[in-house]
Amino acid sequence: MKKIKLALLTLIAGLGIALYSCESNTYEEVAGVVENPTYNANVKGIMQDKCFECHNPEYGQEPYLTNYTEVKDACENYNLLCRIQGTDCGDIMPTSGKMPAARIKIIQNWIEQGYVEN
């Protein structure tokens with residue numbers, strides 16, 4: 001009975017490790033939070049990866065998030081940070097699910113540090 005329990009625990013642990021190791025992570029998620037982010041170096045990539053698909057003039061979902069000015073405006077006038085944090089300001093964005101905490105913190109730091117572009 002002990003051998004069966006040990007084998008089962010080993011199987012479960014191995015499965016957990018395999019599932020975790022197969023998870024796709026971006027550089028930002030692996031590297032962690034960027035303390036002094038800029039739009040071009042850090043925020044733009046997040047927007048391209050998670051937001052451009054819907055928030056663009058072609059798709060028609062406002063606010064548009066295709067460039068620096070639009071993203072800054074969305075932060076100031078459309079509760080962008082609140083929406084991606086999933087707090088009490090409407091549906092969480094992106095609709096595919098909450099972004100990793102490191103990505104949210106990058107955007108938060110960018111806002112707090114005055115929307116640095118380059």
Side-chain angles (χ1 to χ4, degrees):
M1 188 62 148
K2 279 186 174 183
K3 287 184 180 182
I4 294 173
K5 286 182 182 179
L6 181 59
L8 186 56
L9 286 174
T10 303
L11 177 66
I12 292 170
L15 183 59
I17 290 169
L19 289 174
Y20 180 77
S21 66
C22 291
E23 184 177 315
S24 174
N25 289 315
T26 66
Y27 172 77
E28 291 162 342
E29 293 165 355
V30 173
V33 176
V34 176
E35 296 299 325
N36 298 302
T38 66
Y39 175 78
N40 287 324
N42 310 102
V43 176
K44 182 179 181 179
I46 296 170
M47 295 295 118
Q48 287 175 331
D49 185 41
K50 295 293 186 181
C51 308
F52 276 18
E53 185 177 337
C54 296
H55 291 275
N56 66 69
E58 188 176 309
Y59 187 85
Q61 180 64 46
E62 293 185 5
Y64 302 142
L65 301 172
T66 60
N67 61 49
Y68 170 82
T69 303
E70 292 170 349
V71 174
K72 180 181 176 193
D73 180 63
C75 291
E76 294 176 334
N77 299 306
Y78 291 94
N79 296 319
L80 177 69
L81 183 61
C82 182
R83 298 293 296 274
I84 64 172
Q85 287 174 325
T87 51
D88 295 328
C89 58
D91 295 335
I92 191 167
M93 290 288 148
T95 56
S96 60
K98 191 171 183 177
M99 286 186 208
R103 284 184 160 203
I104 295 171
K105 185 64 176 168
I106 288 168
I107 295 168
Q108 183 177 2
N109 287 348
W110 177 67
I111 293 167
E112 290 171 356
Q113 294 169 16
Y115 305 99
V116 178
E117 186 170 4
N118 295 310

* **Distance, nearest 0.5 Å, that separates CE of M47 from CZ of R103** => 9.0 Å
* Asked: Is any side-chain heavy atom of V116 closer than 4.5 Å to a side-chain heavy atom of P37?
  -> no
* Does Q108 reach the main-chain N or O of I104 with its side chain, forming a donor-acceptor pair under 3.5 Å? -> no
* To do: Hey, could you give me the OH/OG1 distance between Y115 and T69, rounded to the nearest 0.5 Å?
  => 12.5 Å
* Decide side chain to side chain contact (heavy atoms under 4.5 Å, CB included) for E117 and T38; before the verdict, give the C-alpha distance in whole Å, the side-chain angles of both, and the deciding distance to 0.1 Å. => CA-CA 5 Å; E117 186 170 4; T38 66; over 6 Å; no
* Structure fact -> When every non-hydrogen atom of N42 is compared with those of I106, the smallest separation belongs to CB-CG2, 3.8 Å
* Out of curiosity, I107 CD1 to K50 NZ, how far, rounded to the nearest 0.5 Å? -> 11.0 Å
* Check the angle between the aromatic planes of Y39 and W110 and answer parallel, tilted or perpendicular using the 30° and 60° thresholds. => tilted
* Asked: In the single-linkage hydrophobic clustering (I, L, V, M, F, W, Y; side-chain heavy atoms under 4.5 Å), do Y64 and Y78 co-cluster?
  -> no
* For E53, look at atom CD and say whether over 12 heavy atoms of other residues, nucleotides or ligands are found less than 6.0 Å away. => no
* Out of curiosity, I84 CD1 to C51 SG, how far, rounded to the nearest 0.5 Å? -> 7.0 Å
* Measure across L65 and A74 and return the closest heavy-atom pair with its distance rounded to 0.1 Å. => CD2-CB, 3.4 Å
* Structure fact -> To the nearest 0.5 Å, atom CZ of F52 lies from atom CD of E58 at 13.0 Å
* Quick one: are Q48 and I46 in side-chain contact, heavy atoms under 4.5 Å? -> no
Taking distance alone, no hydrogens or angles, what donor-acceptor pairs closer than 3.5 Å link side-chain atoms of residues 87-102 to residues at least two apart or in another chain?
| from | atom 1 | to | atom 2 | distance (Å) |
| --- | --- | --- | --- | --- |
| T87 | OG1 | C82 | O | 3.4 |
| K98 | NZ | Q85 | O | 3.0 |

* Structure fact -> Value for NE2 (H55) from CG (L80), rounded to nearest 0.5 Å, stands at 8.0 Å
* Asked: Side chains of N36 and Q113: does their closest heavy-atom pair fall under 4.5 Å?
  -> yes
* Can you see which heavy atom on V34 is nearest to which on N109, and at what distance? => O-ND2, 3.1 Å
